[in-house]
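Numbering starts at 1 and runs along the sequence shown.
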Amino acid sequence: MIVDDEKLALDRLKRLLNENGIEDIIEFNNPVVALKEITKTKFDVVFLDISMPNISGFELADSIMSIEPKTFIVFQTAYEEFALKAFQSGGMGYLVKPIESNDIKNILEKIRLFKSSNVNESKKILGKRGDKLYLIDINEIYYIKADLDEVIIRIKEADAYVRRRIGDLETLLNEKNFFRIHRSYIVNVDKIKSMRSVEQSKLEISFDGIGEIITSSKEGAKEFREYIERRSL
């Protein structure tokens, strides 16, 4: 889907997408009408102009993500100062007008990488930090934290974002030594330095190499103790 209130920009983007092999396109010059369509139809990728009447591209993106969180959002605008907010709003990309064919090629390649990756045969997860993509070795992960419709992956150097729900990664990492100790946290058991019991039989967990301490839920602590006991036999 393309949403832009300027016809010339709409036509240009459609032509560039066609040049890059994308033919199945629905276009709107009215964000209100586009929002109605979004409630009825699922879209893989949505290109949004930021400055539109009645509903801004950021507001429309928020509505889209609340309806279908796995939609890839690409913002387009003539103003570079919106870049940070675009990524904070969950944007996969940020294109500054006038958009060129190579811009479209690059953003489509980013999306293909995200769709085909997550946990692959090389035991890596594709994550995003700012506008850059990183392949993260799962052995380098300390913990994973739920953050709305994304997750934050903590490695030693920094955090990275992955556009997946924490339950999806829990399933993908099921055969690895990872454990979900809380509805918001999955820990890499191999990275744990120590644990101690706190109130309500919860566990405080610290890690080798980083200073953070995270706390399990009561039920998560009970299940984690059982998990450790089974692996110790």
Under a 3.5 Å cutoff, is there a donor and acceptor pairing between the side chains of R165 and T171? no
Go through it in stages, so that I can follow the logic: the residues are F47 and F75, the test is ring-ring contact (aromatic ring centres under 6.0 Å, His included), and I'd like the CA-CA distance, side-chain angles, deciding distance and then a yes or no. CA-CA 6 Å; F47 288 82; F75 292 103; over 10 Å; no
Does one side chain, of D5 or N29, offer a donor that lies under 3.5 Å from an acceptor on the other? no
Determine whether a donor-acceptor pair (N or O, by modelled atom type, separation under 3.5 Å) exists between the side chain of R180 and the backbone of R183. yes
Between the main-chain N or O of I38 and the side-chain N or O of T41, is there a donor-acceptor pair closer than 3.5 Å? no
Could you pull out the closest heavy-atom pair between V46 and L48, with the gap in Å? CG1-CD2, 3.3 Å
Taking salt bridge (Lys or Arg N to Asp or Glu O under 4.0 Å) as the criterion, tell me which of R15, K14, K7 meets it with E27. K14
For L203 and R225, what are the C-alpha separation, side-chain angles and deciding distance, and is it a side-chain contact (heavy atoms from CB on, under 4.5 Å)? CA-CA 9 Å; L203 287 172; R225 289 184 179 98; 3.3 Å; yes
What are the two closest heavy atoms between P98 and D103, and how far apart are they? O-OD2, 4.4 Å
Could you report the tightest heavy-atom contact between V3 and A34, atom names first, then the distance? CG2-CB, 3.7 Å
Specify the closest pair of heavy atoms between I213 and S206, including all atoms of both residues, with the distance to one decimal. CG1-CB, 4.1 Å
Taking the side chain as everything from C-beta on, heavy atoms only, tell me whether M195 gets closer than 4.5 Å to E204. no
Quick check against the 3.5 Å criterion: does N188 have a side-chain atom that pairs as donor or acceptor with the backbone of I192? no
Any donor-acceptor N/O pair, N106 side chain to N102 backbone, under 3.5 Å: yes
Ring pair (Phe, Tyr, Trp, His ring centres under 6.0 Å) partners of residues 139-174, not counting sequence neighbours, each pair once: Y143-Y185, Y143-F207
Roughly how far apart are D11 CG and L13 CG, rounded to 0.5 Å? 10.0 Å
Co-membership, hydrophobic cluster, residues L173 and I152, 4.5 Å side-chain: no
Hydrophobic clustering (ILVMFWY, side-chain heavy atoms < 4.5 Å, transitive) - are I111 and I25 grouped together? yes
Hey, mind stepping through E223 and K218 against salt bridge (Lys or Arg N to Asp or Glu O under 4.0 Å) and telling me if it holds? CA-CA 9 Å; E223 293 175 354; K218 181 178 180 179; over 6 Å; no
Side-chain touch T215/I205, heavy atoms, less than 4.5 angstrom: no
Say whether, by atom type as modelled, one donor and one acceptor occur between the side chain of R154 and the main chain of K156 under 3.5 angstrom. yes
Taking the side chain as every heavy atom from C-beta outward, state whether F179 and I181 have any pair of such atoms under 4.5 Å apart. yes
Mind checking the CG-CG spacing from N177 to N139? Nearest 0.5 Å is all I need. 10.0 Å
So, taking the atom named CG in L35 and the one named CD in E59, what distance separates them when rounded to the nearest 0.5 Å? 10.5 Å
Around atom NZ of K145, are there more than 12 heavy atoms of other residues, nucleotides or ligands at under 6.0 Å? no
Separation between CD1 of I186 and CD1 of I141, rounded to the nearest 0.5 Å: 9.0 Å
Please step through side-chain contact (heavy atoms from CB on, under 4.5 Å) for the pair L172 and L169, ending with a clear verdict. CA-CA 5 Å; L172 288 167; L169 284 184; 3.9 Å; yes
In terms of heavy-atom contacts, E140 and I155 come closest through O-CG2, 3.5 Å
As an exercise, state the distance from CZ of F72 to CZ of R112, rounded to the nearest 0.5 Å. 12.0 Å
Kindly determine whether R12 and D4 satisfy salt bridge (Lys or Arg N to Asp or Glu O under 4.0 Å), including the steps that lead there. CA-CA 11 Å; R12 178 183 178 85; D4 197 316; over 6 Å; no
Step-by-step side-chain contact (heavy atoms from CB on, under 4.5 Å) determination, D44 to T71: CA-CA 5 Å; D44 288 333; T71 305; over 6 Å; no
Consider only side-chain heavy atoms of I, L, V, M, F, W and Y, link residues closer than 4.5 Å, and tell whether V198 and I214 are in one cluster. no
Apply the test side-chain contact (heavy atoms from CB on, under 4.5 Å) to residues R164 and E150: give CA-CA distance (whole Å), side-chain angles for both, the deciding distance (0.1 Å), then the verdict. CA-CA 5 Å; R164 296 295 296 268; E150 296 184 317; over 6 Å; no
Please name the pair of heavy atoms, one in S217 and one in H182, separated by the smallest distance, quoted to 0.1 Å. N-CD2, 3.6 Å
Quiz question: by atom type and distance under 3.5 Å, do the side chains of D49 and T77 form a donor-acceptor pair? no
Considering the options I138, I136, D159, which one meets the side-chain contact (heavy atoms from CB on, under 4.5 Å) requirement together with I153? I136
Any K97 side-chain heavy atom under 4.5 Å of E6 side chain: yes
What is the distance from atom OG of S56 to atom CG of D62, rounded to the nearest 0.5 Å? 8.0 Å
Test item: L60 and I64 side chains (from C-beta on) under 4.5 Å apart, heavy atoms: yes
